[in-house]
Number of protein chains: 2
Amino acid sequence: MELTTAEENYLKAIYHLSDGGKKSVSTNDIAAEMNTKAASVSDMLRKLGEKEVIEYRKYYGLQITESGKRHALQTIRKHRLWEVFLVEKLNFAWDEVHEVAEQLEHIHSPLLIQRLDSYLNYPKFDPHGDPIPDEFGDVRSRPRVQLNEMEVDQTGQIVAVKDSSAAFLRYLDKVGAYIGARIKILDKVEFDGSLEILVDQKKTLFMSKEVACNILVLQS
Amino acid sequence: MELTTAEENYLKAIYHLSDGGKKSVSTNDIAAEMNTKAASVSDMLRKLGEKEVIEYRKYYGLQITESGKRHALQTIRKHRLWEVFLVEKLNFAWDEVHEVAEQLEHIHSPLLIQRLDSYLNYPKFDPHGDPIPDEFGDVRSRPRVQLNEMEVDQTGQIVAVKDSSAAFLRYLDKVGAYIGARIKILDKVEFDGSLEILVDQKKTLFMSKEVACNILVLQS
DNA sequence: TTTTATTTTTAGCCTTACCTAAATCTTGAA
DNA sequence: TTCAAGATTTAGGTAAGGCTAAAAATAAAA
């Protein structure tokens, strides 16, 4: 069964908002995420229900089906593989990839994705540190902690960001807090939760709690 | 000014059918090429006229404008660059690339194409031997001759095909007459125009005139 | 030159994916 | 427990890109 580009986008949004089908999602949430109106969402939910990628009872809410999860994970897989391609092969900066990957993820060709995956050496994580589902939709995720939750002297590696707005990514790039950077907490100010961090054993960085909240770290 | 995917496809068809604006094209020709009906074409011609990529006088015919040529060449450039990528980097066979490139050519991102071009080392020809326009739409084409027009003892290199149907491409692949193959005419049968050819200095190949008509050779 | 055949265009309809405005359902507060 | 606020859905409309059937223009043939 084939989904249109719009349907794929809605399904992906639902998958993300529901945290993979765990949390419940409202019509308004979806409208906000997709930059559309609630009325348009209602309409689309009916269609997605008919295609059986969600189970939809009006006024009561929705539930992603197994089929829906497979479709969503497939789209996410394509998005993240293209992001890896853009950064590793075409030297895009990580704040430039999202918009293009958003288009590339809708190219239909199983062979293309299989070959791309192989060409990129079966990457497990995208440039933002998010895990790439395999062709069966399986995800190996690493346990991650927000940078602001770490204590003085703890160490780790930056593996993902929560806010992937271009402004935030550019800021991180500027201060050298790239994905993969090894960090150590040097000091933590109790008053405002701000941090002093050692990056890659050389650069010292001062960071507000607001920024730290949006950085995910794999502790070591 | 932005064109939709459908508009880009029509414009590309018009560009090809008119041989770059030289020949005149009929509504029915376009309908046949696009697998749509004449009524749909009329409608689209009106729209393309409004966007000034063609000059359109109803019942009289159309003429691609300079702006239209730029748009068409840009789409052709993208299509052919993606074909090079698919064949050279992802190991697609040349009879598998067309459909996927047909989708990829509509991705909008000037940066992507610029980087892709550089990543592929600014190729001048696609896997079928067709020239790739540069970013200004300029094309360096090589003088090419149909294989059936060559005489005994002449040599050259296969650089393009006229019929790019999957069936034809598969046939060529099977017999080893790939793009880039060096060939020499060993014998030519006057009666039916069929040829005996030496491929890459090792393989001898017998070929009907019908097939030879569809193969373009750069003589040497 | 008239008539017929062919090509092209218009008219009117369909689907997708959006919209606004109005109706309807659910829920939380009195 | 009733009722207003808030969320959700329906009703009806738009634009793009298709379609068929009918009308109009051009081209060809008698």
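Labels below follow one simple rule: chain letters A, B, ... track the order of the sequence lines, proteins then strands, and each chain is numbered from 1.
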K.L.:
One thing to verify: whether A:K47 and A:E50 come together as a salt bridge, which I'm taking to mean a side-chain N less than 4.0 angstrom from a carboxylate O.
P.N.:
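Judged by the 4.0 Å cut-off on N to carboxylate O distance, A:E50 and A:K47 do not form a salt bridge.
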K.L.:
Which pair of non-hydrogen atoms, one from B:E83 and one from B:A101, has the smallest distance, and what is that distance?
P.N.:
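So the two residues come closest at CG-CB, 3.6 Å.
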K.L.:
B:E105: what forms a salt bridge (charged side-chain N to carboxylate O under 4.0 Å, His left out) with it, not counting sequence neighbours?
P.N.:
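Partners of B:E105 by the salt bridge (charged side-chain N to carboxylate O under 4.0 Å, His left out) criterion, ordered by chain and then number, come out as B:K12.
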K.L.:
Using a 4.0 Å heavy-atom cut-off to protein, can you give one letter per nucleotide of nucleotides 15-25 of chain D, 5' to 3': B if the base is in contact, S if only the sugar-phosphate is, - if neither?
P.N.:
-SBSBBB--BS
K.L.:
So which heavy atom on B:L147 is nearest to which on B:M207, and how close?
P.N.:
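Where B:L147 meets B:M207 most closely, the heavy atoms are CD2-SD, 3.6 Å.
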K.L.:
Test: ring pair (Phe, Tyr, Trp, His ring centres under 6.0 Å). Region: residues 31-79 of chain A. Which pairs qualify, not counting sequence neighbours?
P.N.:
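Qualifying pairs: A:H79-A:H98.
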K.L.:
Show the nearest heavy-atom pair for residues A:G137 and A:L73, with the distance to one decimal.
P.N.:
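Looking at all heavy atoms of both residues, the closest pair is O-CD1, 3.4 Å.
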K.L.:
Roughly, in whole Å, what's the span from CG in A:L45 to C1' in D:dT10?
P.N.:
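It works out to 14 Å between those atoms.
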K.L.:
In residues 22-32 of chain A, which ones come under 4.0 Å of DNA chain D, going by heavy atoms?
P.N.:
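Residues of residues 22-32 of chain A that come under 4.0 Å of DNA chain D are, in numerical order, A:S26, A:T27, A:N28.
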K.L.:
Hey, where on DNA chain C does chain A first and last touch, going 5' to 3'? Cut-off is any atom under 4.0 Å from a heavy atom.
P.N.:
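Result: C:dT16 to C:dT26.
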K.L.:
Looking at residues at least two apart in the chain, or sitting in another chain, which of them share a side-chain contact (heavy atoms from CB on, under 4.5 Å) with A:F136?
P.N.:
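Per chain and number, A:F136 pairs via side-chain contact (heavy atoms from CB on, under 4.5 Å) with A:D134, A:D138.
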K.L.:
Is atom CD of A:Q146 surrounded by more than 12 heavy atoms (other residues, nucleotides or ligands) closer than 6.0 Å?
P.N.:
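Above 12, so yes.
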K.L.:
Anything under 30° is parallel, anything over 60° is perpendicular, the rest tilted; go ahead and classify B:F85 against A:Y119.
P.N.:
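The arrangement is perpendicular - the two ring planes meet at more than 60°.
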K.L.:
Is the shortest distance from a Lys or Arg side-chain nitrogen in A:R170 or A:D173 to a carboxylate oxygen in the other one below 4.0 Å?
P.N.:
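The answer is no: the pair does not qualify as a salt bridge.
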